[in-house]
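This report refers to the structure that appears directly beneath it.
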There are 2 protein chains.
Amino acid sequence: MLANLPPNTVERLSLYRRRLLNFPFEEKPFIHSHQLAHLLKINPAHIRRDLMLMGFSGDVHKGYDIKKLIKKIGQTIDCKQIQKVAFVGVGDLGRAVAAYFNNADSRLKIAATFRLTEEPKTQYADVHCYNISKMKSIIRKEGIELIVLAVPPSFAKEISKTIISSGVKGILNFTSVHLEVPKHIYIEEYDMISKLEKLSYFTNK
Amino acid sequence: MLANLPPNTVERLSLYRRRLLNFPFEEKPFIHSHQLAHLLKINPAHIRRDLMLMGFSGDVHKGYDIKKLIKKIGQTIDCKQIQKVAFVGVGDLGRAVAAYFNNADSRLKIAATFRLTEEPKTQYADVHCYNISKMKSIIRKEGIELIVLAVPPSFAKEISKTIISSGVKGILNFTSVHLEVPKHIYIEEYDMISKLEKLSYFTNK
DNA sequence: TTTTTATTGTTAATTAATTCACAAATAAAA
DNA sequence: TTTTATTTGTGAATTAATTAACAATAAAAA
Ligand SMILES: NC(=O)c1ccc[n+]([C@@H]2O[C@H](COP(=O)([O-])OP(=O)(O)OC[C@H]3O[C@@H](n4cnc5c(N)ncnc54)[C@H](O)[C@@H]3O)[C@@H](O)[C@H]2O)c1
Ligand SMILES: NC(=O)c1ccc[n+]([C@@H]2O[C@H](COP(=O)([O-])OP(=O)(O)OC[C@H]3O[C@@H](n4cnc5c(N)ncnc54)[C@H](O)[C@@H]3O)[C@@H](O)[C@H]2O)c1
């Protein structure tokens, strides 16, 4: 359980949980590996293997107890205490992610959002939206460890420097800008266009 | 070049292109594998291998000619003719992706967007925004092949049925809902929260 | 009761992805 | 001219991810 899980397993466990939370488990409290696999379009052996890595067991006939599984995934991948997240840049993308995030059950908590001006709104995702100039002090005061960065590309580099010097542990970078970060900061990037272009390539054979 | 490239290579080639398009190649027309690798935080051998798979060669001392490389990536991963894309759901997320998309250079073209009502705006990303009721006929009339789906979860299943029956080839599904699609339709899903939860897991060791 | 059927847990096998390592090439330095 | 230093291109090695396979189990059917 405390063993180091492979990155892909961690990501899948998170996906299993989200799907299961949307599953009518009050009526159907158990699920088989092939059923969950079907929902996620992956191989059933994958699921059994991932759950095994967590040390989670199902019933050989009933399958997996969904409530227990959701709980176990939490114990495995969630941090022990609440870990605070800030959104830097709350335009279309930041707002979409923040809203989506607020529905998700986990031990991550949005503690602040930052943008250039405080107007016209001072709250997003039920937390205060501060002017970017207050970012460093608030990250420190609140003990924010994770950042979702979604500012316009032209500001990304400059803002990332402030973020890094505030002592965060991880950044999910949505800007397409290369950020120079020290090794102890974990950075994850994502590009939706590359997904679309991949889709295009493979639909054209 | 027409060889089947590994999925991860296709995705990376797209990323290389986006980074290179943001690179000042008018002043610095060549780039070395280790420089590009640094920008993308990957291994230089990775880059050399991916370019080799495309059949692209660099100069052993100057490195890779950036303009030529961008062109070669296009010839390799872009479709031959323009391939049309529609955005179904143009809320925060759909708008963010559509706007980002419009900056990106490729042979994909947003041909229409759809949402529940036509008000208050009838254009997004410079194309007309139609009422969802017109989706099927417009997908067919325009020959739209790819869909970016970003509607509220409660509508996703129903809307996906219409999309499928319209004869598209691929769907990039941002809703967290399981969609039943026939095998000949390529579907790609993405979940930002699982990325954040992964970030959380690995920043906590 | 016995047989059939289905599913888990797990090891082994396979496949895919990544990285290493180095020959070949050649510009720049000595 | 000769040496040194780099960097590409690529096969080989390694590592990670995925899938197959099946013994063990026990419910359900016969
Ligand atoms: N990776 C992807 O797939 C992807 C997809 C869409 C958008 N993007 C990128 O995400 C970023 C945000 O996109 P968007 O559509 O939400 O943009 P947007 O213009 O709607 O929002 C930008 C946000 O950043 C804030 N901001 C602007 N300047 C700032 C500053 N100096 N300091 C702090 N905050 C500032 C604005 O107040 C606003 O909240 C862009 O960089 C865009 O290119 C990436
Ligand atoms: N995968 C992820 O990481 C991720 C992240 C954020 C949001 N999401 C999901 O993406 C979707 C969109 O999120 P959002 O924040 O943009 O939501 P939103 O409410 O801002 O936008 C929804 C859009 O869908 C349109 N719509 C509503 N009902 C419709 C119908 N019946 N037919 C056609 N269009 C309809 C609306 O007009 C609007 O344009 C949601 O399902 C959300 O859960 C996923």
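Residue numbers start from 1 in every chain, and the chains themselves are labelled A, B, ... in the order their sequence lines are given, proteins ahead of strands. What you see is a predicted model; the values in this text were computed from it and never measured.
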With [X] via salt bridge (charged side-chain N to carboxylate O under 4.0 Å, His left out) - residues at least two apart:
X	value
B:Lys67	B:Glu26
A:Asp92	A:Arg95, B:Arg95
B:Glu189	A:Arg19
A:Arg48	none

Partner nucleotide, any strand, of C:dA30 [Watson-Crick/G-U, under 3.5 Å]: D:dT1
side-chain N/O B:Ser57 vs D:dT8 OP1/OP2, d < 4.0 Å: no
D:dT7 OP1/OP2 closer than 4.0 Å to side-chain N/O of B:Ser33: no
Measure from [atom1] on [X] to [atom2] on [N] and round the result to the nearest Å.
X	N	atom1	atom2	value
A:Leu5	D:dA17	CG	C1'	14 Å
B:Lys62	D:dT8	NZ	C1'	14 Å
A:Met52	C:dT11	CE	P	6 Å
B:Asn4	C:dA16	CG	C1'	14 Å
A:Phe56	C:dG9	CZ	P	8 Å
A:Leu53	C:dT11	CG	C1'	13 Å
A:Asp50	C:dT8	CG	C1'	15 Å
A:His34	D:dT19	NE2	P	17 Å

Under 3.5 Å: donor-acceptor pair, side chain of A:Asn131, backbone of A:Leu116: yes
Residues which pass side chain to side chain donor-acceptor pair (under 3.5 Å) with B:Ser166, listed by chain and number, not counting sequence neighbours: none
Under the side chain to side chain donor-acceptor pair (under 3.5 Å) test, residues paired with B:His34 that sit two or more places apart: none
Protein proximity profile, nucleotides 19-30 of chain C - base contact B, sugar-phosphate-only contact S, no contact -, cut-off 4.0 Å on heavy atoms: BBB----BS---
Residues from residues 8-32 of chain B lying under 4.0 Å of DNA chain D - heavy atoms: B:His32
Name the atoms and distances for all side-chain donor-acceptor pairs under 3.5 Å in residues 53-63 of chain B, with sequence neighbours left out.
| from | atom 1 | to | atom 2 | distance (Å) |
| --- | --- | --- | --- | --- |
| B:Asp59 | OD1 | B:His61 | N | 2.6 |
| B:Asp59 | OD1 | B:Lys62 | N | 2.8 |

A:Tyr190 versus A:Asn173, side-chain donor and acceptor atoms under 3.5 Å: no
